[in-house]
2 protein chains.
Amino acid sequence: MVKITDVARHAGVSPSTVSYALSGKRSISADTRRRIEASIRELGYRPHAGARALASSRSNVLALVVPLRTGMHVPVVMQFAVSVVTTARRHDHDVLLLTQEEGEEGLRRVADTALVDALIVMDVQMHDERLPLLRALDRPSVLIGFPAEPAGLTCIDLDFRAAGAACVQQLALLGHRCVALIGSPPEVYLRQTGFAQRVAEGFTATATRHGLTSSVHPCEASPAAARAVAERLLREHPALTGVVVHNEPVLEPLVDAFEQFGLRVPGDLSITAICPDEPAARTRVPVTSVAIPTAEVGARAVELLMRKLDGAPVPEATLLAPRLTLRGSAAPRA
Amino acid sequence: MVKITDVARHAGVSPSTVSYALSGKRSISADTRRRIEASIRELGYRPHAGARALASSRSNVLALVVPLRTGMHVPVVMQFAVSVVTTARRHDHDVLLLTQEEGEEGLRRVADTALVDALIVMDVQMHDERLPLLRALDRPSVLIGFPAEPAGLTCIDLDFRAAGAACVQQLALLGHRCVALIGSPPEVYLRQTGFAQRVAEGFTATATRHGLTSSVHPCEASPAAARAVAERLLREHPALTGVVVHNEPVLEPLVDAFEQFGLRVPGDLSITAICPDEPAARTRVPVTSVAIPTAEVGARAVELLMRKLDGAPVPEATLLAPRLTLRGSAAPRA
DNA sequence: CTGAAAGCGCTAACAT
DNA sequence: ATGTTAGCGCTTTCAG
């Protein structure tokens with residue numbers, strides 16, 4: 001194995017000069033730098049990660065904790081992960097993958113052994129068990145998602161309240177006067193998954209502000225449940241002409257159900273949704289929607305972490321503005 | 001930070017004894033071991049990963065290289081990853097996530113810097129560019145998937161040839177005499193993705209051995225293409241009563257198409273498929289299928305790697321036997 | 001069964 | 001602008 005002393009000898013300089021040339025932590029004459037770079041290339045030198053971590057107390061590795069739970073849309077998790085890895089690499093860091101399953105002990109382990117410099121935690125719950133630990137840990141962390149009490153933490157996510165608002169606002173602008181939110185399964189609200197509640201709040205507040213009649217309907221993630229909700233909605237709210245869907249698995253069944261009940265989308269019923277682009281785009285009538293900007297969330301999370309590692313101050317809360325992609329499932333009221 | 005010398009002092013032994021107590025590499029008297037364990041717990045000692053890696057030339061980290069390609073495969077990739085992480089942890093290793101995008105340079109980097117001890121590479125192509133590097137690297141690796149020339153490498157995957165065979169054999173056993181394989185898009189065969197070809201080979205060989213009339217039909221991943229293939233099949237092969245599908249995105253459209261052409265499944269037409277369980281289970285008629293055993297592949301890949309790290313010999317090729325899950329889309333010929 | 005001590009390869013004061 | 005050197009915390013001979 002070729003080491004820094006080999007490079008130093010070959011370039012006719014001291015090891016520290018090679019180290020500094022590599023890190024850029026002090027200025028090196030152009031000539032020396034060139035010789036060092038040539039030697040490095042010629043010898044195929046690669047600094048030993050462990051040695052580096054030991055001497056500098058920086059591993060240049062970030063931990064990414066991913067959820068395993070069902071219901072979490074798997075491709076979305078994957079997109080986050082890819083975005084985190086890609087952005088981390090751009091900042092000369094690698095990413096260690098941890099599963100939720102490892103729990104607090106896993107976080108403590110990778111932090112305390114100095115295996116990682118910092119952590120990104122996905123799928124944060126309202127009263128997440130890991131919060132006290134994350135606050136106490138000596139390594140910086142960024143949470144994707146907002147707990148009930150985010151003080152003292154750094155959190156980033158789509159602004160779900162604004163997303164709920166944007167969906168209903170679009171319907172209001174199109175002239176709809178009676179709208180409904182078809183939301184996540186009841187257990188999601190009970191589990192206090194934050195974002196579901198926030199969507200409902202944004203939806204209701206904005207509907208009210210625009211003077212619309214509105215109602216909220218949790219819905220199980222099955223086609224049968226979708227049919228049942230659609231049927232009930234049409235029966236109980238005959239004036240309904242606008243629906244916001246925040247429940248990806250039932251988006252397609254819902255569109256089908258409404259059409260089977262004789263409503264044309266968007267002729268008789270306009271729909272907007274909060275869900276990934278892919279399912280929104282492949283329904284019979286493509287659905288106007290707000291997607292979670294996974295790539296941006298992942299990248300920004302890494303960047304926040306890098307700033308924290310540099311000792312720079314960062315905002316505690318980062319809420320990304322929703323962006324509505326128009327796909328034709330929402331039209332002016334007949 | 002509490003270090004090994006702190007523990008040693010606290011327990012009244014030398015640092016090396018603590019180290020050996022931790023690694024189990026030499027025998028320690030029961031009494032000493034107890035004192036050491038107590039001290040470790042009391043002081044909250046955690047060995048420094050970098051120091052350990054430097055002194056032992058073992059980082060206890062594995063690299064996992066995941067593909068980035070399009071949508072359909074994503075949940076499967078995630079399942080692999082989770083299985084790899086879980087199994088690696090069981091062997092006291094962590095997992096570093098690399099994207100395909102990093103290419104050969106990424107592999108070389110993590111190997112040469114001793115950041116990882118070994119590598120798992122997913123989504124290996126027939127003539128994968130990374131093969132020469134993987135052969136030359138001084139760290140062991142395991143490939144998920146079989147390239148054209150696997151000699152000198154350690155590969156593991158579902159036995160796709162046997163999977164193709166199993167699907168058609170089931171149809172043969174049920175009395176079907178004329179069968180077709182609806183396969184992957186043409187470009188998949190052209191890209192020489194190995195497994196697609198192997199499925200076709202297993203299908204054709206087994207059909208022939210059972211004296212069946214058989215044909216193979218590549219199919220684009222669109223509902224329209226599915227309809228077209230279904231229509232052509234019924235026209236050109238009026239005796240057809242059995243179909244094997246190896247093309248996840250069109251499974252559902254195909255079932256729909258056949259039924260729209262007046263064929264009942266499985267009354268008039270029996271279907272078996274090679275695809276993940278989830279899409280197979282959610283079609284109108286749940287489809288009898290062979291799934292890629294992601295959890296097992298991931299776990300076995302890690303175990304192969306562990307054996308290689310221990311210097312033990314491992315088989316170059318590990319082909320996992322297909323298992324057919326019966327779901328009712330295949331029935332005896334009328 | 002246990003200790004002493006020499007590194008592992010690199011970084012970062014401290015010098016000059 | 002560059003060199004010298006003392007560690008970083010652990011493992012592992014070598015010795016007993």
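Everything numeric here is computed off the predicted structure, so don't read it as measured data. All chains are named by letter (A, B, ...) in the order of the sequence lines, taking the proteins before the strands, and each is independently numbered beginning at 1.
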Verify the contact: side-chain N or O of [X] to OP1 or OP2 of [N], cut-off strictly under 4.0 Å; return yes or no.
X	N	result
K3(A)	dC10(C)	no
K25(B)	dT11(D)	no
T17(B)	dC1(C)	no
S27(B)	dC1(C)	yes

Atom-pair distance ([atom1] on [X]; [atom2] on [N]), nearest Å:
X	N	atom1	atom2	value
R26(A)	dA13(C)	CZ	C1'	10 Å
Y20(B)	dC1(C)	OH	P	14 Å
L22(B)	dT12(D)	CG	P	12 Å

Inset, instruction - With a 4.0 Å heavy-atom cut-off, tell me which residues in residues 31-61 of chain B come close to DNA chain C, sorted by residue number. - result: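 Those residues whose heavy atoms fall under 4.0 Å from DNA chain C, taken from residues 31-61 of chain B in numerical order, are T32(B), L54(B), A55(B).
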Does a side-chain heavy-atom distance below 4.5 Å link [X] with [Y]?
X	Y	result
L22(A)	Y45(A)	yes
L107(A)	E102(A)	no
E149(A)	L131(A)	no

Inset, instruction - Answer yes or no: side-chain N or O of S16(A) and base N or O of dT4(D) forming a donor-acceptor pair under 3.5 Å. - result: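 Donor-acceptor pair under 3.5 Å: yes.
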Inset, instruction - Could you check which of dT13(D), dT2(D), dA4(C) has an atom nearest any side-chain atom of S14(B)? - result: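 The nucleotide sitting nearest to the side chain is dA4(C).
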Inset, instruction - Take atom CD of E105(A) as the centre, draw a 6.0 Å sphere, and report whether it contains more than 12 heavy atoms from other residues, nucleotides or ligands. - result: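 More than 12 heavy atoms, drawn from other residues, nucleotides or ligands, come within 6.0 Å of this atom.
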Inset, instruction - Output yes when R33(B) and E37(B) qualify as a salt bridge under the 4.0 Å nitrogen-oxygen rule, no when they do not. - result: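 Looking at E37(B) together with R33(B), the answer is yes, because their closest N to O distance falls below 4.0 Å.
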Inset, instruction - Provide the full list of side-chain hydrogen bond (donor to acceptor under 3.5 Å, both in side chains) pairs with a residue in residues 113-122 of chain A, sequence neighbours left out, each pair given once. - result: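 Every pair satisfying side-chain hydrogen bond (donor to acceptor under 3.5 Å, both in side chains) with a residue in residues 113-122 of chain A: S59(A)-D117(A).
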